[in-house]
There are 2 protein chains.
Amino acid sequence: MSQSIQRAAEILELVSLRPRTQSEVAEHLGVHRSTALRMLQTLTEAGLTRRHADGHYGVGYRLAGLASVAAEQFDLRNISRPHLASLGRECLHTVHLAVLDGSAIVYADKIEQPGMVRLYSQVGQPVVLHTAGVAKAILAFQPAAVVDRMLATHAFTRYTETTLTSRAAYDAELDRVRSRGWSVDDAEYEDYVNCVAMPIRDARGNVLAAVSVTALKARADLAALEQLLPRLDEVVSDVSRAIGWRP
Amino acid sequence: MSQSIQRAAEILELVSLRPRTQSEVAEHLGVHRSTALRMLQTLTEAGLTRRHADGHYGVGYRLAGLASVAAEQFDLRNISRPHLASLGRECLHTVHLAVLDGSAIVYADKIEQPGMVRLYSQVGQPVVLHTAGVAKAILAFQPAAVVDRMLATHAFTRYTETTLTSRAAYDAELDRVRSRGWSVDDAEYEDYVNCVAMPIRDARGNVLAAVSVTALKARADLAALEQLLPRLDEVVSDVSRAIGWRP
DNA sequence: TCGTTTGTTGCATAGGCTGCAACAGGTGTG
DNA sequence: CACACCTGTTGCAGCCTATGCAACAAACGA
């Protein structure tokens with residue numbers, strides 16, 4: 001809508017990766033050098049960028065200050081709620097939000113549908129790491145060290161026929177999840193419940209949460225749930241963008 | 001220089017104080033409502049602002065993303081952070097890091113203590129040159145030309161009874177700071193807040209930053225803060241050494 | 001020393017921003 | 001239920017302002 005502001009935002013994105021000279025910024029934006037300089041000067045006056053001694057422009061201190069204000073207000077649950085709710089209304093299944101919280105993954109929100117069988121999950125409770133779709137969607141995108149730490153003392157208890165009961169099998173599944181971008185719980189915890197899940201990325205691109213659509217197999221089996229993946233992808237993309245993620 | 005970018009920055013500052021409606025923003029900027037909305041939409045697309053469910057606009061989470069991507073650009077802050085944090089933990093007061101940034105001195109970091117009264121200062125904001133302890137700690141060790149340039153257009157506004165309201169009085173204070181190596185803010189800006197500060201030196205021995213310990217007078221008066229000087233000296237020495245300074 | 005890049009300035013142009021008005025949709029109030 | 005109020009959207013005319021350009025001084029590094 002507003003070209004100059006768009007360009008300003010682009011400059012911030014550019015110099016946040018690494019400080020740039022006025023010429024580099026000009027070239028990146030496709031504008032004249034003097035134009036880029038004028039914009040950089042304005043941004044610098046505002047403290048959003050700052051000029052380094054070597055003539056490169058980087059991110060300014062004021063931006064860090066504003067960022068901390070934003071960080072204080074961070075509230076994933078409230079941000080994602082409307083997106084999850086509309087997803088729930090559309091597909092009429094239960095929608096979960098789970099977040100990585102220290103050494104556990106816990107349900108942070110749950111959208112239920114009226115007149116449905118209640119699922120066992122409860123907000124605030126830790127998920128079962130080796131069966132829950134959300135756990136796989138989150139762990140698939142964590143550094144190996146984090147996965148190791150979380151699974152170090154984890155027992156791969158068998159709950160159903162499809163439960164993954166070894167770390168090796170689980171790791172293989174995480175590989176699959178990582179490459180295709182979504183995960184399932186194929187009746188691995190209760191043999192009549194299955195789900196699909198996708199990860200949410202934060203402002204740094206890290207995966208710290210996931211959304212799942214869960215249903216009784218009798219109501220919607222895996223094949224049916226997979227039909228919802230495009231819509232689920234939309235939802236997690238929207239939420240990721242809303243919390244500052246950019247592709 | 002660039003009107004739109006200036007306005008964008010002003011919007012960020014405005015909504016960082018508290019979320020505003022498009023009408024409030026328009027009024028604040030003195031532009032038509034549709035203009036303000038167009039700017040807000042652009043900022044929101046970029047993630048720099050964010051629309052709350054009630055139609056108010058606040059700071060966006062992309063700011064946090066940019067700041068964290070750019071974290072490595074703030075070398076001094078990164079180096080000093082652990083030292084400041086442990087100092088803060090020990091004395092349970094607010095610790096500030098301020099740097100000389102072009103023609104202003106701005107807060108570069110702020111270590112707050114849980115459950116404490118919030119101080120007015122914000123990262124990225126310019127400090128008040130004639131009252132802030134960090135300003136005195138930095139300016140006392142600048143060449144006269146730099147001090148003159150920075151104070152040339154500075155108004156020595158009186159905020160409290162102890163505010164230094166003349167260049168002469170300020171220069172005398174800088175002399176004192178220079179000889180003893182530390183500075184104070186004796187309730188010169190807000191009559192219930194005081195602090196002590198010491199300079200950080202770089203590899204060339206130049207002072208480009210300072211650290212302060214700030215507290216409500218009721219919690220710790222100047223005499224109490226001066227007890228912390230040996231520890232503060234340790235901190236600024238450690239940080240100075242870490243960036244290459246040698247005594 | 002020279003070549004390169006930065007920062008500055010004045011100016012003409014054109015492009016984009018601005019204000020305006022009208023309308024749809026949503027919210028809350030009486 | 002009507003009403004008032006605010007938000008969000010759109011098309012458009014006119015003017016502002018951002019832009020490109022060129023020339024120059026200054027800083028910088030090779």
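Residue numbers start from 1 in every chain, and the chains themselves are labelled A, B, ... in the order their sequence lines are given, proteins ahead of strands.
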Pairwise ring pair (Phe, Tyr, Trp, His ring centres under 6.0 Å) hits with a residue in residues 49-80 of chain A, at least two apart: A:Tyr61-B:Phe74, A:Phe74-B:Tyr61
Lys/Arg N to Asp/Glu carboxylate O, A:Glu90 vs A:Arg231, below 4.0 Å: yes
Main-chain N/O of A:Ala223 paired to A:Glu226 side chain as donor or acceptor, under 3.5 Å: no
Pair B:Arg7 + B:Glu10: basic N to acidic O under 4.0 Å: no
Out of D:dT7, C:dC20, C:dT9, whichever nucleotide has its closest atom nearest the side chain of B:His32: C:dC20
Nucleotide C:dA21, atom P - distance to CZ of B:Arg33 in whole Å: 12 Å
Distance-only polar pair, side chains of B:Thr44 and B:Thr49, donor-acceptor under 3.5 Å: yes
Distance, nearest 0.5 Å, that separates OG of A:Ser68 from CD of A:Gln73: 10.0 Å
NZ or CZ of B:Arg241 within 45° of B:Trp245 ring axis and under 6.0 Å: no
Value in whole Å for how far the P atom of D:dT19 lies from CG of A:Leu37: 12 Å
Proximal nucleotide (of D:dG8, C:dT5, C:dG19) relative to the A:Ser23 side chain: C:dT5
Integer-rounded Å distance: D:dT19 P and A:Leu29 CG: 9 Å
5'-most by nearest nucleotide on DNA chain C - B:Val31 or A:Gln41: A:Gln41
Any A:Ser34 side-chain N or O less than 4.0 Å from OP1/OP2 of D:dG20: no
Interatomic spacing from OG in A:Ser80 to CG in A:Leu97 - rounded to 0.5 Å: 4.5 Å
Sorted by number, the residues of residues 143-150 of chain B with heavy-atom contact under 4.0 Å to DNA chain D: none
Side chain to side chain contact (heavy atoms under 4.5 Å, CB included) evaluation trace for B:Val127 with B:Val106: CA-CA 6 Å; B:Val127 309; B:Val106 301; 5.9 Å; no
Value in whole Å for how far the C1' atom of D:dA18 lies from CD1 of A:Ile11: 13 Å
Polar contact flag, side-chain donor to acceptor under 3.5 angstrom, A:Lys110-A:Ser121: yes
Check: B:Thr163/B:His130 side-chain N/O donor and acceptor closer than 3.5 Å: no
Closest listed nucleotide, where the reference is the side chain of A:Met39 and the choices are C:dG19, D:dC6, D:dT19: D:dT19
Distance below 4.0 Å between A:Thr21 side-chain N/O and C:dT6 OP1 or OP2: yes
Report each atom pair, protein N/O against N/O of nucleotides 12-17 of chain D, whose distance is under 3.5 angstrom.
{"residue": "D:dT17", "atom": "OP1", "partner": "B:Gln3", "partner atom": "NE2", "Å": "3.2"}

Each nucleotide N or O in nucleotides 25-28 of chain C that has a protein N or O under 3.5 Å away: list the pair and distance.
none

Interatomic distance where CD belongs to B:Glu24 and C1' belongs to D:dG8 [whole Å]: 17 Å
Interface residues of residues 46-61 of chain B with DNA chain D (non-hydrogen, below 4.0 angstrom): B:Arg51, B:Tyr57
Qualifying residues under side chain to side chain contact (heavy atoms under 4.5 Å, CB included), relative to B:Gln142, sequence neighbours excluded: B:Leu100, B:Ile138, B:Leu139, B:Val146, B:Val147, B:Val207
Test: B:Arg20 and B:Glu27 ion pair at under 4.0 Å: no
Lys/Arg-Asp/Glu bridge criterion (N-O < 4.0 Å) met for A:Arg62, B:Glu13: yes
Value in whole Å for how far the P atom of D:dC6 lies from CZ of B:Arg20: 16 Å
Candidate nucleotides C:dG19, C:dG7, D:dG20, ranked by approach to the side chain of A:Gln22 - the nearest: C:dG7
